[in-house]
Trainee: 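One structure, pasted below without further comment.
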Amino acid sequence: MHLSARARAIRPSVTIAIDSRAKELRAAGEHVINLSAGEPDFPTPDFIKQAGIAAIEQDFTRYTPAAGIRELREAIAAKHEADNGVHYDWDEIVVSGGGKHALFNTFMAICDPGDQVIIPAPYWVSYPEMVQLAGGEPVIVETTEETGFKLTADQLRAVIGPRTRAVVINSPNNPTGAVYSREELDALAGVCADAGLWMVTDELYEHLIYEGEHVSIAALRPEYRERTVLINGVSKAFAMTGWRIGWSASPRPLAKAIAAIQSQATSAVNSIAQKAALAALTGPRDAVTAMREEYRRRRDLLVEGLNRLPGIRCPRPGGAFYVFCSVAGVLGRQLGGRRVEDDVALAEVLLEEARIAVVPGTAFGAPGYLRFSYATSPDDLREALARLERLLA
Ligand code: GLU
């Protein structure tokens with residue numbers, strides 16, 4: 001059977017694969033603690049669900065403009081003005097099927113074959129694959145715990161070459177939870193501006209910050225805004241993963257190209273979900289604040305619990321809902337009847353022997369680590385810690 005080189009090269013998303021496996025085991029009656037995909041366990045707030053129901057009842061069920069309904073794009077522009085201090089006209093916003101789709105469209109719009117996109121590791125699993133699908137070449141730059149897993153301006157400067165087109169900056173970061181400061185972002189943006197690069201800023205976890213503040217690069221200087229593709233969405237902050245609404249905000253010529261790509265790929269995103277997202281962005285934020293405070297408690301519970309276990313070292317992250325811990329002290333041990341050589345094997349043993357689903361650091365370009373999502377109930381977190389303790393004893 002003929003498959004394209006592209007199809008042969010693509011690897012399926014590890015986060016999605018592990019999450020699906022955990023959900024399958026659960027459906028089969030196994031008590032799996034699923035700390036794999038980053039997915040809020042909270043229901044979508046009621047007023048948002050009601051807006052979706054009203055959209056169906058009012059027959060708002062037809063195609064919308066490819067880039068999304070104008071009211072939603074205006075609400076997104078207003079959100080960026082109010083929350084982030086950066087101005088976008090409504091037609092510079094393109095609503096897509098989640099932040100993931102907005103990123104995919106972006107790489108399709110900015111990469112020519114052979115163009116390089118700099119991606120700091122640990123990175124979210126999908127960036128390198130998306131760049132490759134778009135014909136580009138991911139250039140991975142490793143960051144370490146010593147710099148809080150943050151890319152420095154010197155590291156960035158050192159890897160820029162004649163084919164570099166863009167850099168991906170993700171703060172708060174998935175998988176590490178690192179939050180870049182204003183000064184750190186300004187330094188990175190200065191390097192990008194000098195080199196004429198696009199900055200693709202993934203800000204999906206903006207509302208989930210426990211230490212530090214969220215800063216949008218596009219807001220720092222007018223010339224940065226002209227080089228930034230700002231990606232955001234409602235999935236994480238409003239517990240709306242399944243509605244699939246995200247967006248890109250970018251200078252008008254790029255926004256037009258992104259909208260054209262999307263119009264050929266999907267026509268537009270789901271009309272009902274657009275109305276629900278409009279309610280989310282224009283409604284009260286109490287639910288967001290309450291969820292954030294709950295995530296903070298869970299983070300503390302998980303970080304403290306993991307750091308008590310032998311061989312595990314877990315820094316306390318400033319944002320998102322993941323901890324990224326070193327398991328170097330566990331590797332090489334005999335666990336569940338087998339020698340655990342690496343983080344991938346350890347994640348397998350955790351799922352098979354302890355029914356805990358986590359994502360190995362290798363999936364994020366950082367072997368020797370595991371990512372635990374704490375977007376799950378404190379009872380599940382405590383149970384996971386108890387199971388881990390028994391396994392590692
Ligand atoms: N973004 C979440 C994660 O990293 C959801 C799964 C995915 O799309 O990768 O787990």
Side-chain angles (χ1 to χ4, degrees), residues 10-24 26 32-42 44 96-107 119-133 138 149 168-179 200-209 231-248 266 269 273 291 295 298-299 302 317 319-325 343-344 347 350-351 356-366 369-376 380-381 384:
I10 184 95
R11 288 171 298 178
S13 161
V14 179
T15 44
I16 297 293
I18 297 178
D19 183 54
S20 304
R21 170 93 180 112
K23 285 175 177 161
E24 255 171 46
R26 253 196 202 165
V32 177
I33 312 274
N34 188 1
L35 312 180
S36 63
E39 172 160 58
D41 60 322
F42 299 104
T44 302
S96 298
K100 203 168 191 170
H101 185 205
L103 282 159
F104 184 78
N105 288 339
T106 299
F107 293 124
I119 302 174
Y123 48 74
W124 178 47
V125 288
S126 295
Y127 300 140
E129 300 290 332
M130 286 179 177
V131 167
Q132 265 166 338
L133 280 172
F149 291 117
V168 178
I169 299 169
N170 172 214
S171 175
N173 183 273
N174 174 7
T176 66
V179 179
V200 180
T201 66
D202 178 347
E203 306 183 22
L204 258 284
Y205 296 90
E206 150 178 33
H207 294 293
L208 302 178
I209 293 191
I231 307 288
N232 210 326
V234 292
S235 295
K236 312 295 182 183
F238 297 93
M240 291 180 70
T241 45
W243 298 81
R244 308 308 305 128
I245 296 285
W247 62 83
S248 55
T266 65
V269 298
M291 288 188 273
Y295 289 136
R298 295 174 182 186
R299 174 197 66 164
L302 187 59
F321 43 45
Y322 308 105
V323 298
F324 200 61
C325 56
D343 55 298
V344 176
L350 291 187
L351 187 58
I356 303 169
V358 296
V359 186
T362 296
F364 307 102
Y369 289 82
L370 291 181
R371 186 190 80 172
F372 292 70
S373 161
Y374 51 88
T376 191
D380 269 7
L381 294 177

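From a predicted model like this one, the values you see are computed outputs, not experimental measurements. All ligand and atom numbering here is 1-based and tracks the order in the structure.
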Trainee: Have a look at ligand 1 and work out which part of Val359, if any, has a heavy atom under 4.0 Å from it: side chain, backbone, both or neither.
Mentor: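 It is neither part, as no heavy atom is under 4.0 Å.
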Trainee: Which atoms of ligand 1 are found less than 4.0 Å from any heavy atom of Trp124?
Mentor: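 Near Trp124, meaning under 4.0 Å from one of its heavy atoms, ligand 1 has 1 (N), 3 (C), 4 (O), 7 (C), 8 (O), 9 (O).
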Trainee: Look up atom OH in Tyr322 and atom CZ in Arg371, then write down how far apart they are to the nearest 0.5 Å.
Mentor: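 Taking OH in Tyr322 and CZ in Arg371, the distance rounds to 4.5 Å.
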Trainee: Students should be able to answer this: which protein heavy-atom is nearest to atom 8 (O) of ligand 1, and at what distance?
Mentor: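 Here the closest protein heavy atom is Lys100 NZ, 2.8 Å.
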Trainee: Report the part of Glu39 in contact with ligand 1, treating N, CA, C, O as backbone and CB onward as side chain, heavy atoms under 4.0 Å; options are side chain, backbone, both, neither.
Mentor: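 Under 4.0 Å from ligand 1, Glu39 contributes no heavy atoms.
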Trainee: If you count the atoms of ligand 1 from 1 in the order shown, which ones are under 4.0 Å from a heavy atom of Asn174?
Mentor: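 Ligand 1 atoms under the 4.0 Å threshold to Asn174: 1 (N), 3 (C), 4 (O).
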Trainee: Has ligand 1 got any nitrogen or oxygen that is less than 3.5 angstrom from a nitrogen or oxygen of Ser126?
Mentor: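 No; every N/O pair is 3.5 Å or more apart.
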Trainee: Quick check: do Phe372 and Val359 have side-chain heavy atoms less than 4.5 Å from each other?
Mentor: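 When only atoms from C-beta onward are counted, Val359 and Phe372 do not touch, as no gap falls below 4.5 Å.
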Trainee: Looking at ligand 1, does any of its N/O atoms fall within less than 3.5 Å of an N/O of Ser36?
Mentor: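 Not met; the criterion fails.
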Trainee: Indicate whether the side chain of Asp202 and that of Tyr127 have a donor and an acceptor atom separated by less than 3.5 Å.
Mentor: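 Checked: Asp202/Tyr127 side chains pair up, N/O donor to acceptor below 3.5 Å.
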Trainee: Looking only at N/O atoms, are Ile16 and ligand 1 under 3.5 Å apart anywhere?
Mentor: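 So ligand 1 has no N or O lying under 3.5 Å from an N or O of Ile16.
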Trainee: Among all the protein's non-hydrogen atoms, which is closest to atom 5 (C) of ligand 1, and how far away is it?
Mentor: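 Its nearest protein heavy-atom neighbour is Lys236 NZ, 3.7 Å.
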Trainee: Any donor-acceptor pair under 3.5 Å linking the side-chain atoms of Thr44 with those of Trp243?
Mentor: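 Short answer, yes.
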Trainee: Would you mind running through ligand 1 and noting each atom that sits below 4.0 Å from a heavy atom of Tyr322?
Mentor: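 Going through ligand 1 atom by atom, the ones under 4.0 Å from Tyr322 are 2 (C), 3 (C), 4 (O), 10 (O).
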Trainee: Scan residues 119-130 for pairs that pass salt bridge (charged side-chain N to carboxylate O under 4.0 Å, His left out), counting only residues two or more places apart or in two chains.
Mentor: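 For residues 119-130: Arg11-Glu129.
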Trainee: I'd like to know if the side chain of Thr362 pairs up with that of Asp343 as donor and acceptor (distance under 3.5 Å, no hydrogens or angles considered).
Mentor: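 Their side chains do contain a donor-acceptor pair, which is all the 3.5 Å distance test asks for.
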Trainee: Counting C-beta onward and ignoring hydrogens, is there a side-chain heavy-atom pair between Pro317 and Arg299 closer than 4.5 Å?
Mentor: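 A side-chain contact exists here, since the closest heavy-atom pair is under 4.5 Å.
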Trainee: Look at atom 9 (O) of ligand 1 and say which protein heavy atom is nearest, naming residue and atom and giving the distance to 0.1 Å.
Mentor: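 Looking only at protein heavy atoms, the one closest to atom 9 (O) of ligand 1 is Thr15 OG1, 2.6 Å.
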Trainee: With sequence neighbours excluded, what pairs up with Ser36 under the side chain to side chain donor-acceptor pair (under 3.5 Å) test?
Mentor: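 Side chain to side chain donor-acceptor pair (under 3.5 Å) check on Ser36 returns Asn34.
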